[in-house]
Amino acid sequence: MERILGIDVGDKRIGIAVTDPLQITAQGVMTYRRKTRDDDLEAFREIIEKYELKKIVAGLPLNMDGTESAQTRKTQNFCQFIKKRLNVEIIYIDERLTSSWSEKILIEGNVSRKKRKEYIDTLAAQMILQSYMDRADK
């Protein structure tokens, strides 16, 4: 089996997680600090090549009532850009509350406020990917 990439796309940072080769668990990899579109593309090219990925699960930031927001469209635009340039499949999954849950987990783990900023996006990507992995219909 091949690994799957999970991402939590933000304006400044993108949380990144990958599955194990058997697609049982998701592991947080890093939080990528966004730069130019070309730099972002090259960073994703390197990650996709390193882990030999063909599929990306992207968290889709919907409003609490399920409607799309400006951030939803930004996420879709970024993912379509990556899909076209790097020839990968994109699967969207509802990510409502993953950042809140991630922050709560980090607070409960006594992670300082400064360190939480470093880890929250990676943990959110891990939660997005694991929730996809746990679905029966994937």
Side-chain angles (χ1 to χ4, degrees):
M1 294 185 95
E2 59 191 35
R3 293 176 183 241
I4 301 171
L5 180 69
I7 59 174
D8 179 39
V9 180
D11 290 332
K12 295 179 182 180
R13 295 179 301 275
I14 300 174
I16 298 172
V18 296
T19 63
D20 65 285
L22 297 176
Q23 296 184 9
I24 297 169
T25 62
Q27 294 99 33
V29 173
M30 66 181 284
T31 296
Y32 169 75
R33 293 201 184 285
R34 295 187 73 176
K35 298 172 183 126
T36 67
R37 217 160 153 94
D38 287 340
D39 289 338
D40 295 352
L41 178 64
E42 188 54 36
F44 271 83
R45 182 185 321 279
E46 290 173 12
I47 291 165
I48 287 168
E49 287 175 3
K50 177 179 180 179
Y51 293 102
E52 299 176 359
L53 303 163
K54 300 273 189 260
K55 186 184 296 185
I56 297 175
V57 175
L60 200 58
L62 301 170
N63 291 319
M64 290 309 292
D65 64 2
T67 60
E68 291 187 0
S69 66
Q71 195 62 39
T72 306
R73 289 182 289 284
K74 287 180 186 179
T75 296
Q76 290 170 323
N77 288 340
F78 176 79
C79 290
Q80 290 307 308
F81 171 72
I82 295 297
K83 177 182 179 176
K84 287 178 186 174
R85 303 297 188 294
L86 301 179
N87 194 31
V88 292
E89 178 184 0
I90 303 287
I91 296 169
Y92 296 105
I93 185 168
D94 184 352
E95 72 154 31
R96 283 178 284 183
L97 302 178
T98 55
S99 293
S100 314
W101 293 333
S102 297
E103 185 162 26
K104 184 176 179 181
I105 289 167
L106 294 170
I107 289 169
E108 288 174 1
N110 272 341
V111 177
S112 71
R113 184 180 306 266
K114 183 179 178 183
K115 290 280 187 187
R116 283 197 302 260
K117 282 190 173 189
E118 288 180 41
Y119 298 115
I120 194 164
D121 299 306
T122 303
L123 186 54
Q126 185 177 350
M127 293 174 78
I128 289 163
L129 186 53
Q130 190 64 53
S131 65
Y132 170 75
M133 305 282 296
D134 292 344
R135 288 181 7 189
D137 65 338
K138 67 175 181 163

Review point. Is the side chain of Asp94 donor-acceptor paired with the backbone N or O of Pro61 at a distance under 3.5 Å, no angle test?
Key: no
**Study point:** Test item: Asp8 side-chain N/O and Ile14 main-chain N/O as donor-acceptor pair under 3.5 Å
**Key:** no
Check your understanding: Of the non-hydrogen atoms in Ile93 and Ser131, which two are nearest, and what is the gap between them?
Key -> CD1-OG, 3.5 Å
Point to revise | Euclidean distance, Tyr132 OH relative to Ile91 CD1, rounded to 0.5 Å | key: 3.5 Å
Point to revise | Value rounded to 0.5 Å, distance of CD1 in Ile128 from CG in Leu123 | key: 10.0 Å
**Study point:** Partner residues of Lys74 under the side-chain contact (heavy atoms from CB on, under 4.5 Å) criterion, sequence neighbours left out
**Key:** Asp11, Gln71
Check your understanding: Which pair of non-hydrogen atoms, one from Ala125 and one from Gly6, has the smallest distance, and what is that distance?
Key -> CB-O, 3.7 Å
Enumerate, atom names and distances included, each donor-acceptor pair closer than 3.5 Å involving a side-chain atom of residues 76-87, sequence neighbours excluded.
residue	atom	partner	partner atom	Å
Asn77	ND2	Arg73	O	3.3
Gln80	NE2	Tyr92	OH	3.2

Study note, to complete from the structure: Correct closest heavy-atom pair for Ile7 and Val9 would be CD1-CG2, 3.6 Å
Check your understanding: Listed by chain and number, what are the salt bridge (charged side-chain N to carboxylate O under 4.0 Å, His left out) partners of Arg13, not counting sequence neighbours?
Key -> Asp121
**Study point:** Side-chain donor/acceptor of Arg3 to backbone N/O of Thr19, under 3.5 Å
**Key:** yes
Exercise for review: Show the numbers, then the answer: is there a side chain to side chain contact (heavy atoms under 4.5 Å, CB included) between Gln126 and Leu129?
Suggested key: CA-CA 5 Å; Gln126 185 177 350; Leu129 186 53; 5.9 Å; no
Point to revise | Interatomic spacing from CD1 in Ile56 to CD1 in Ile4 - rounded to 0.5 Å | key: 11.0 Å
**Study point:** From Asp39 atom CG to Arg33 atom CZ, the distance as rounded to the nearest 0.5 Å
**Key:** 15.0 Å
**Study point:** Residues in side-chain contact (heavy atoms from CB on, under 4.5 Å) contact with Glu2, at least two apart in sequence or another chain
**Key:** Gln23, Lys54
Study note, to complete from the structure: Here the ring-ring contact (aromatic ring centres under 6.0 Å, His included) pairs for residues 9-38, sequence neighbours left out, are none
Practice item. With the side chain counted from C-beta on, respond yes when Lys35 and Asp40 share a heavy-atom pair under 4.5 Å apart, and no when they do not. Key: yes
Give the table of side-chain donor-acceptor pairs shorter than 3.5 Å for residues 41-49, with sequence neighbours excluded, one pair per line with atom names and distance.
residue	atom	partner	partner atom	Å
Glu42	OE1	Arg45	NE	3.3

Check your understanding: Please walk me through it: do Lys55 and Val88 pass side chain to side chain contact (heavy atoms under 4.5 Å, CB included)?
Key -> CA-CA 5 Å; Lys55 186 184 296 185; Val88 292; over 6 Å; no
Check your understanding: Taking only residues two or more places apart in sequence or in another chain, which ones pass side chain to side chain donor-acceptor pair (under 3.5 Å) with Thr122?
Key -> Thr31
Exercise for review: Using salt bridge (charged side-chain N to carboxylate O under 4.0 Å, His left out) as the criterion, list what pairs up with Asp38, not counting sequence neighbours.
Suggested key: none
Check your understanding: side chain to side chain donor-acceptor pair (under 3.5 Å) with Thr25: which residues, sequence neighbours excluded?
Key -> Asp20, Gln27
Review point. Just by distance, with hydrogens left out, do Thr72 and Thr75 show a side-chain donor and acceptor under 3.5 Å apart?
Key: no
Review point. Between the side chain of Asn63 and the main-chain N/O of Asp65, is any donor-acceptor distance below 3.5 Å?
Key: no
